[in-house]
Protein chains: 2
Amino acid sequence: MTKSRNRYPTSSDVARLAGVSQSAVSRTFTRDASISTALREKVLTAARELGYRPNALPGIMQGQRSRMIAVVVGGMYNPFYARVLDTLTDELQARGEQVLLSRVESDHALDEAIDQITRYRVDAVVSALAVTTEETARKLSASRIPVVAFNSTLTAPWVSAINSDNAAAGRQAADLLLARGARRFGFIHGPLSSPAEQERFDGFARRLVACGNPAPAEARGDYDYGGGQAAIRELWRAAIPPDAIFCANDLMALGAIDTLRHELSVSVPRSVRIIGYDNIDSCDWLGYQLTSFDQDVNTMVEGAISLIFDREGLGEKSVTVTVSPKLVERSSTR
Amino acid sequence: MTKSRNRYPTSSDVARLAGVSQSAVSRTFTRDASISTALREKVLTAARELGYRPNALPGIMQGQRSRMIAVVVGGMYNPFYARVLDTLTDELQARGEQVLLSRVESDHALDEAIDQITRYRVDAVVSALAVTTEETARKLSASRIPVVAFNSTLTAPWVSAINSDNAAAGRQAADLLLARGARRFGFIHGPLSSPAEQERFDGFARRLVACGNPAPAEARGDYDYGGGQAAIRELWRAAIPPDAIFCANDLMALGAIDTLRHELSVSVPRSVRIIGYDNIDSCDWLGYQLTSFDQDVNTMVEGAISLIFDREGLGEKSVTVTVSPKLVERSSTR
DNA sequence: GGAATGTATGCATAGCTATGCAATGACGAC
DNA sequence: GTCGTCATTGCATAGCTATGCATACATTCC
């Protein structure tokens with residue numbers, strides 16, 4: 001009664017109540033263990049009465065895999081990350097793994113989060129946040145557990161990456177807008193361009209320039225709807241605003257579309273064509289029909305998982321997997 | 001080399017390398033432990049070299065709190081759940097707790113998920129899914145750990161609930177629509193009305209009838225945008241369609257608005273007024289301006305957390321906390 | 001009947017850290 | 001010099017389950 005508060009019952013508690021040995025209890029809950037039906041029933045009855053659940057921790061301490069995977073995300077206000085987390089969790093649970101979730105403000109806080117997480121002996125870490133600084137990469141590497149990060153440019157021993165082909169996406173966006181007759185271009189960045197985003201921009205700008213067009217006007221938003229609004233207002237302060245805009249993500253593109261239509265009375269797509277990135281659900285809503293790039297979350301998640309579970313052959317080697325984002329054209333560019 | 005694959009280094013490994021006792025390593029990583037600076041430095045150097053992190057599992061086995069809280073969600077396609085998870089994770093991490101995430105199809109799978117989760121000795125469970133069947137409540141109760149479920153009608157020993165005042169919200173929705181001059185009403189349900197949703201509907205319908213109006217027409221969608229579309233088409237097959245609709249959540253309301261405007265050429269709010277539920281970010285977008293009920297996620301999360309951490313005084317008692325959803329009127333009802 | 005095979009059960013232990021306890025040494029007071 | 005006080009360090013152990021090993025019993029076959 002003194003410290004029994006909130007105590008999980010142990011296999012010995014069950015054994016005592018059932019009048020059997022602790023081994024018998026263990027065997028009852030171990031598949032393919034040799035035990036008679038009579039004994040098993042006695043154990044199950046006692047277990048039910050006490051609310052007993054097997055304890056995974058001793059096994060982990062003996063050296064078995066913990067079957068916990070840490071997943072690090074940077075906030076779910078963006079439906080894209082919500083979908084990544086959703087898919088990842090589903091896929092891991094289907095394999096009998098548990099997900100230890102860690103939310104982190106930016107990749108600078110990543111290594112501190114890892115310190116907490118590794119106390120629980122997770123088998124691996126999947127980060128929806130890109131690893132962008134050498135410092136972080138090195139610290140992750142030091143923990144000597146497999147880390148897979150999305151959209152990272154940096155890798156290190158133990159630290160692998162799943163990347164979209166961002167430059168190719170940028171070029172495709174340029175080609176599409178050119179084909180639709182656009183002449184003056186804009187790009188809306190996030191607050192601090194990640195390397196992945198920078199590649200996207202470079203691919204976009206270079207292709208435009210290579211085809212004899214001016215470099216795109218640039219503005220920054222903070223990755224959400226309001227940021228898209230602010231950025232589009234900024235672009236519209238120019239003497240001659242763009243007639244085609246590529247946004248670093250969909251939320252900003254949606255903010256841009258609404259502000260153009262309802263605040264600046266500009267028609268989309270007639271006067272301005274817009275492309276987003278991520279292909280979140282809202283892109284397909286009747287009011288928007290936003291052209292976007294689908295990062296193919298399923299393939300990326302599958303890649304991340306195989307990178308974790310195929311470690312046997314990989315050791316501490318670092319691997320980079322690249323997937324091609326798929327352009328989904330809708331009426332915002334027609 | 002044989003089974004050392006992926007092995008975390010132990011405090012003894014560090015001790016051996018540093019030429020000190022295992023206790024010294026432990027003390028180095030324990031705050032306020034008595035240890036000389038010289039020894040601590042030696043230990044830290046060795047620890048850094050091996051990538052050592054303290055192991056939380058033995059302590060848990062000794063009876064300390066695990067500082068892991070399981071969070072159960074039903075999928076994050078709905079931004080409302082994403083926000084709940086986001087807030088909950090933030091708040092728990094701020095208290096030094098870890099989040100063990102479990103995704104579950106429906107509350108029928110809840111007890112099975114609990115079986116997996118409790119193997120890891122979590123201190124408590126927070127479920128964004130409502131507990132709706134006696135069966136589930138009983139099974140949760142049997143595990144004897146604190147469970148807090150959102151929007152549950154059922155409770156049991158150890159199983160508490162954080163509820164919105166759904167009936168009140170329903171009545172408020174009715175009052176607002178009546179005040180705005182609506183005369184014919186509709187309600188869009190989820191696929192199988194949860195008890196919480198049923199209360200909402202009952203509050204809405206009763207108030208309407210009490211004020212001398214006909215009962216609302218009903219349709220079902222599956223809680224997402226497409227479901228809202230299907231439901232609104234169904235309602236529009238009637239000879240005289242409604243001029244005011246209350247939806248069980250925002251995603252369906254948005255699908256309904258878009259379908260009315262772009263497919264059925266009906267003006268919102270001039271011809272039809274619409275109210276949603278949850279007050280997700282999209283409600284505030286310029287293209288929608290959807291009137292909705294804010295469930296005040298912060299307060300609900302705060303309530304859930306205090307219900308967990310104030311257990312000392314509560315024991316296995318079950319508690320129900322009710323919060324009032326706040327009506328946020330926007331132009332979809334003007 | 002006796003040997004061989006198989007099944008069922010219990011005993012004892014590894015695995016890792018925090019911590020109580022004891023031992024050691026330093027230092028100042030008398 | 002002797003003693004008390006204090007800081008530092010090491011030793012030994014609890015906590016829980018899976019599992020190898022040994023034992024006991026049942027079954028089968030000749």
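Just the heavy atoms: all of them, side chains too, but no hydrogens, waters or symmetry mates, feed the values below. Throughout, a chain's letter reflects where its sequence line sits, starting with A, and its residues are numbered from 1.
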Show your working on side chain to side chain donor-acceptor pair (under 3.5 Å) between B:Thr133 and B:Thr136 and close with a plain yes or no.
-> CA-CA 5 Å; B:Thr133 70; B:Thr136 305; 2.8 Å; yes

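Electrostatic pairing of A:Lys139 and A:Glu134 does not count as a salt bridge here, judged by no charged N lying under 4.0 Å from a carboxylate O.
Side-chain N/O atoms of A:Ser21 and base N/O atoms of C:dC11 include no donor-acceptor pair closer than 3.5 Å. In the interface, the side chain of B:Gln62 is not paired with the base of C:dT19 through any donor and acceptor atom under 3.5 Å apart.
Here the P atom of nucleotide D:dA18 and the CZ atom of A:Phe29 are 10 Å apart, to the nearest Å. Rounding to whole angstrom units, CZ of residue B:Arg31 and C1' of C:dA18 are separated by 16 Å. Rounded to whole Å, the distance from CD1 on B:Ile35 to C1' on C:dT19 is 14 Å. A straight line from CZ of B:Arg121 to C1' of D:dC16 spans 9 Å, rounded to a whole angstrom. Rounded to an integer number of Å, the gap from B:Gln64 CD to C:dA18 P is 8 Å. Computed from coordinates, the A:Ile60 CD1 to C:dG15 C1' distance equals 12 Å when rounded to whole Å. In this structure, the CE atom of B:Met61 is 8 Å from the P atom of D:dT17, given to the nearest Å. Between A:Leu57 atom CG and C:dA18 atom P the separation is 15 Å, expressed in whole Å.
Between A:Ser23 and the phosphate of C:dT9, there is no side-chain N or O to OP1/OP2 separation shorter than 4.0 Å. A sub-4.0 Å separation between OP1 or OP2 of C:dC16 and a side-chain N or O of B:Ser11 is absent. Remark: A:Ser26 is in phosphate contact with D:dA18, judged by side-chain N or O atoms under 4.0 Å from OP1 or OP2.
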Output side-chain donor-acceptor pairs under 3.5 Å for residues 74-89 of chain A, partner residues at least two apart or in another chain, one line each.
unit_1: A:Asn78; atom_1: OD1; unit_2: A:Phe80; atom_2: N; d: 2.9
unit_1: A:Arg83; atom_1: NH2; unit_2: A:Asp278; atom_2: O; d: 3.4
unit_1: A:Asp86; atom_1: OD1; unit_2: B:Arg103; atom_2: NE; d: 2.2
unit_1: A:Asp86; atom_1: OD2; unit_2: B:Met76; atom_2: N; d: 3.1
unit_1: A:Thr87; atom_1: OG1; unit_2: A:Arg83; atom_2: O; d: 2.7
unit_1: A:Thr89; atom_1: OG1; unit_2: A:Leu85; atom_2: O; d: 2.6

Indicate every side-chain donor-acceptor pair of residues 38-49 of chain A with a distance under 3.5 Å to a residue at least two apart or in another chain.
unit_1: A:Arg40; atom_1: NH2; unit_2: A:Thr28; atom_2: O; d: 3.1
unit_1: A:Thr45; atom_1: OG1; unit_2: A:Glu41; atom_2: O; d: 2.9

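Taking NZ of A:Lys317 as the reference point, atom OG of A:Ser160 lies at 9.5 Å (rounded to 0.5 Å). Note: A:Asn163 CG to A:Gln295 CD = 10.0 Å, rounded to the nearest 0.5 Å.
The side chain of A:Ser34 has C:dT7 as its nearest neighbour among C:dT7, C:dG10, C:dT17. Listed nucleotides C:dT9, C:dT17, C:dG10 differ in distance to A:Val20; the shortest reach to its side chain belongs to C:dG10. When the nucleotides C:dC11, D:dT9, C:dT17 are ranked by their closest atom to the side chain of B:Pro58, C:dT17 comes out on top. Taking every side-chain heavy atom of A:Gln22 into account, C:dA12 is the closest of D:dT8, C:dA12, C:dC16. Counting only heavy atoms from C-beta on, B:Thr30 has its side chain closest to C:dT19 among C:dA8, D:dA18, C:dT19.
A centroid separation of 6.0 Å or more is found between the aromatic rings of B:Tyr52 and B:Tyr8.
In this structure, B:Arg67 contributes its side chain and B:Arg95 its backbone to a donor-acceptor pair below 3.5 Å.
Between A:Arg27 and A:Ser12, the residue anchored nearer the 5' end of DNA chain D, judged by the nucleotide with its closest heavy atom, is A:Ser12.
Remark: A:Tyr52, A:Asn55 in residues 38-56 of chain A come within less than 4.0 Å of DNA chain D through at least one heavy atom.
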